[in-house]
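Only one structure is covered here, and it is reproduced in the block below.
Residue numbering restarts at 1 for every chain, and letters A, B, ... go by the order of the sequence lines.
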Number of protein chains: 2
Amino acid sequence: MATGRTHRPATRSRGIPEATVARLPLYLRALTALSERSVPTVSSEELAAAAGVNSAKLRKDFSYLGSYGTRGVGYDVEYLVYQISRELGLTQDWPVVIVGIGNLGAALANYGGFASRGFRVAALIDADPAMAGKPVAGLPVRHTDELESIISDNGVSIGVIATPAGAAQQVCDRLVAAGVTSILNFAPTVLVVPDGVDVRKVDLSIELQILAFHEQRKAGEETAEGAAAATPRPGAAAAPAAAGGRKGPDGDVPAVMPA
Amino acid sequence: MATGRTHRPATRSRGIPEATVARLPLYLRALTALSERSVPTVSSEELAAAAGVNSAKLRKDFSYLGSYGTRGVGYDVEYLVYQISRELGLTQDWPVVIVGIGNLGAALANYGGFASRGFRVAALIDADPAMAGKPVAGLPVRHTDELESIISDNGVSIGVIATPAGAAQQVCDRLVAAGVTSILNFAPTVLVVPDGVDVRKVDLSIELQILAFHEQRKAGEETAEGAAAATPRPGAAAAPAAAGGRKGPDGDVPAVMPA
DNA sequence: CCATCTTTGTGCACGCGTTCACAAAGGCAT
DNA sequence: ATGCCTTTGTGAACGCGTGCACAAAGATGG
């Protein structure tokens, strides 16, 4: 406990706010595009527009990295690309494993965004013995039995979980036990991990539901929303709607009753 | 104050904070699981643990929806499932189109999370004429030419973009022009859309880079980090590192120079 | 060498989100 | 009927993130 952190040091690492870290890849992408067009320098205004953020926010973000940039001119594109790459840790090679080679896992394996930018797919792992050996994206699928040895042999510290929800936690436990400390989870499950392990979640279903919420709101603002009443009398909360008859038959959304 | 919105009403819709909306699908998933196990009621503590959040946060979230829940007992599972489903707009059917049937698009089409919970894949659309008619996930792929008619015929208001980055903005424009007002973007591009259109972005590359940042930080905390120096003398910012020779050769991460 | 003009870097204020802590509310046992 | 015990709902404080607005810094032209 050299550091005074109690148990959640992840909030602000080395003084760089988490929100800023999340935007750095965005800046990096825009800068890389400029670099390919051989643009030497760029102003905060231009770069912010390309990245889709506020220019003041961008300048403040960069200020956390240090004082790169020249007043009256802007930022040197190449130099900034290097600085951000270094800050994000992309100057080193990150071997990753993808577990669960279904439709999604295969798509991820083929995704070009993996190969570039310092990430290298070290292995594709699946629990289905029939998959073992089959080539996907140029790599032979390995069986789950080999998971631990693959991770330790390749020094993998980042794992991608693309398994069904039911297997995700178990896979996660094995990854963590084998030494993985960062996990990108595509399975619709809440993963529990020990301290020191980072988990990021990508959940298609959740994103769609958030869109549906706003979509409904947009639609409801124009038409009358009096139909179902905003506050439909919770009153006797003991009455569990009309769902008494059908209680989650097949994991689908439970039967909803009309008003 | 009917609505004092100047131009960004999306921040807090109907008094429900955006952060809360983003968590509702999480609660709904946990509640659905409880419902399938025929659990009648659940306390905020239990449900929060299942959803991986703080119990106080959960209670405050629910308080925005209304006073469902009984003190001393907890929340009625079925009733809450219904209320959240209604709030998220999942009691109605949302037809969606997926544009770009590559590896990822096909994976999305096969993803079970789409079909359940009120979302229905109305059509799969691809620009490649060779794809047209080929069945993917039980649906024939339609050509991009039909995009507008498909959207208007099916009343589609939610679109999923899974095309390469280069085509994303163009597809987006056509979707919006045809009447789509919510977009889930998987392409690594910043989409510009008119006001009133919601865009949510899922970017695998960005997620990985964020993980890499934390991974690097974790590794650097134990070993000496004095190698490259925390503040490597920006000093003469006019010196654009050693990148003068190689300026972004192939879109890969630029050649990094050692200290 | 100086004036002017552009653009960065940041102090400050504001609003949202999170968390604590507790009073109110309701069930339940006696 | 009454008191106890559990759990909700929320007031209040705090911290993070965002955006404004401006002074400092440096380039550029005369």
Side-chain angles (χ1 to χ4, degrees), chain A residues 5-24 26-27 40-49 51-77 79-80 83 231 234-239, chain B residues 4-24 26-27 40-49 51-77 79-80 83 231 234-240:
Chain A
R5 293 80 172 262
T6 43
H7 66 297
R8 278 292 309 283
T11 311
R12 225 203 229 199
S13 354
R14 237 267 309 293
I16 300 183
E18 189 60 31
T20 295
V21 173
R23 280 188 295 267
L24 288 183
L26 221 55
Y27 302 145
T41 61
V42 66
S43 72
S44 65
E45 203 71 47
E46 294 167 318
L47 185 55
V53 302
N54 188 294
S55 71
K57 193 186 296 185
L58 178 141
R59 287 197 299 273
K60 181 149 292 196
D61 283 342
F62 285 173
S63 78
Y64 291 116
L65 306 185
S67 271
Y68 315 134
T70 308
R71 299 177 188 229
V73 175
Y75 298 92
D76 183 279
V77 172
Y79 188 60
L80 202 48
Q83 290 299 342
T231 307
Chain B
R5 292 84 168 258
T6 40
H7 65 295
R8 277 292 309 284
T11 310
R12 222 202 229 200
S13 355
R14 236 250 333 277
I16 300 183
E18 189 60 30
T20 295
V21 173
R23 280 188 294 267
L24 288 182
L26 221 56
Y27 302 146
T41 62
V42 65
S43 72
S44 64
E45 203 72 47
E46 295 167 316
L47 184 55
V53 301
N54 189 295
S55 72
K57 192 186 296 185
L58 179 141
R59 287 198 299 276
K60 180 144 291 198
D61 282 342
F62 285 173
S63 78
Y64 292 115
L65 306 184
S67 271
Y68 315 136
T70 309
R71 299 178 188 229
V73 175
Y75 298 91
D76 183 279
V77 172
Y79 188 61
L80 202 48
Q83 290 299 342
T231 307

Legend entry - Nearest-angstrom distance from the residue atom OH of Tyr64(B) to P of dG17(C): 8 Å
Legend entry - Under-4.0 Å side-chain N/O to phosphate OP1/OP2 contact, Tyr68(A) with dT7(C): no
Inset, instruction - Nearest whole angstrom, please: distance from the C1' of dT10(D) to the CG of Leu58(B). - result: 14 Å
Inset, instruction - Starting from C1' on dT10(C), measure out to CG on Asp61(A) and report it in whole angstrom. - result: 13 Å
Legend entry - Thr70(A) side chain, from C-beta outward: closest of dG27(C), dG17(C), dA27(D): dA27(D)
Inset, instruction - Report the C-alpha distance between Tyr27(A) and Asp61(A) in whole Å, list the side-chain angles of each, state the deciding distance to 0.1 Å, and finish with yes or no for side-chain contact (heavy atoms from CB on, under 4.5 Å). - result: CA-CA 10 Å; Tyr27(A) 302 145; Asp61(A) 283 342; 2.5 Å; yes
Inset, instruction - With heavy atoms under 4.0 Å as the rule, sort Phe62(A) into base, sugar-phosphate or nothing. - result: nothing
Inset, instruction - Could you state the atom-to-atom distance from CG of Leu80(B) to P of dT8(D) in whole Å? - result: 11 Å
Inset, instruction - Mind running side-chain contact (heavy atoms from CB on, under 4.5 Å) on Arg23(A) and Val53(A) for me, showing each step along the way? - result: CA-CA 9 Å; Arg23(A) 280 188 295 267; Val53(A) 302; 4.1 Å; yes
Inset, instruction - For Thr41(A), enumerate each residue passing the side-chain hydrogen bond (donor to acceptor under 3.5 Å, both in side chains) test, keeping only those at least two apart in sequence or located in another chain. - result: none
I'd like a list of close polar pairs between nucleotides 20-23 of chain C and the protein, N/O only, cut-off under 3.5 Å.
from, atom 1, to, atom 2, distance (Å)
dA21(C), N6, Arg59(B), NH2, 3.4

Inset, instruction - Figure out the CZ/P separation between Arg23(B) and dT19(C), and round it to whole Å. - result: 8 Å
Inset, instruction - Can you sort out the partners of Tyr75(A) under ring pair (Phe, Tyr, Trp, His ring centres under 6.0 Å), two or more places apart, ordered by chain and number? - result: Phe62(A)
Legend entry - Distance (rounded to the nearest 0.5 Å) between Glu46(B) CD and Leu58(B) CG: 11.5 Å
Inset, instruction - Using only side-chain N and O atoms of Tyr75(B), determine if any of them is under 4.0 Å from OP1 or OP2 of dG9(D). - result: yes
Inset, instruction - Round to a whole Å and report the spacing from CG of Asp76(B) to P of dT7(D). - result: 16 Å
Inset, instruction - First locate atom CD1 of Ile16(A), then atom OH of Tyr64(A), and finally report the distance between them rounded to the nearest 0.5 Å. - result: 10.0 Å
Inset, instruction - Any salt bridge (charged side-chain N to carboxylate O under 4.0 Å, His left out) involving residues 63-75 of chain B? Give me the pairs, sequence neighbours left out, ordered by first then second residue. - result: none
Legend entry - Between P of dT8(D) and CD of Glu45(B), the distance in whole Å: 8 Å
Inset, instruction - Go through the structure and list residues passing salt bridge (Lys or Arg N to Asp or Glu O under 4.0 Å) with Arg59(B), not counting sequence neighbours. - result: none
Legend entry - Leu24(A) side chain reached by Leu65(A) side chain, heavy atoms, under 4.5 Å: yes
Inset, instruction - Give the rounded distance in Å between these two atoms: CG of Leu47(A) and P of dG9(C). - result: 12 Å
Inset, instruction - Please check the phosphate of dT8(D) (OP1 and OP2 only) for any side-chain N or O of Ser44(B) closer than 4.0 Å. - result: yes
Distances under 3.5 Å only, N/O to N/O: pair up the protein atoms with those of nucleotides 28-30 of chain D.
none

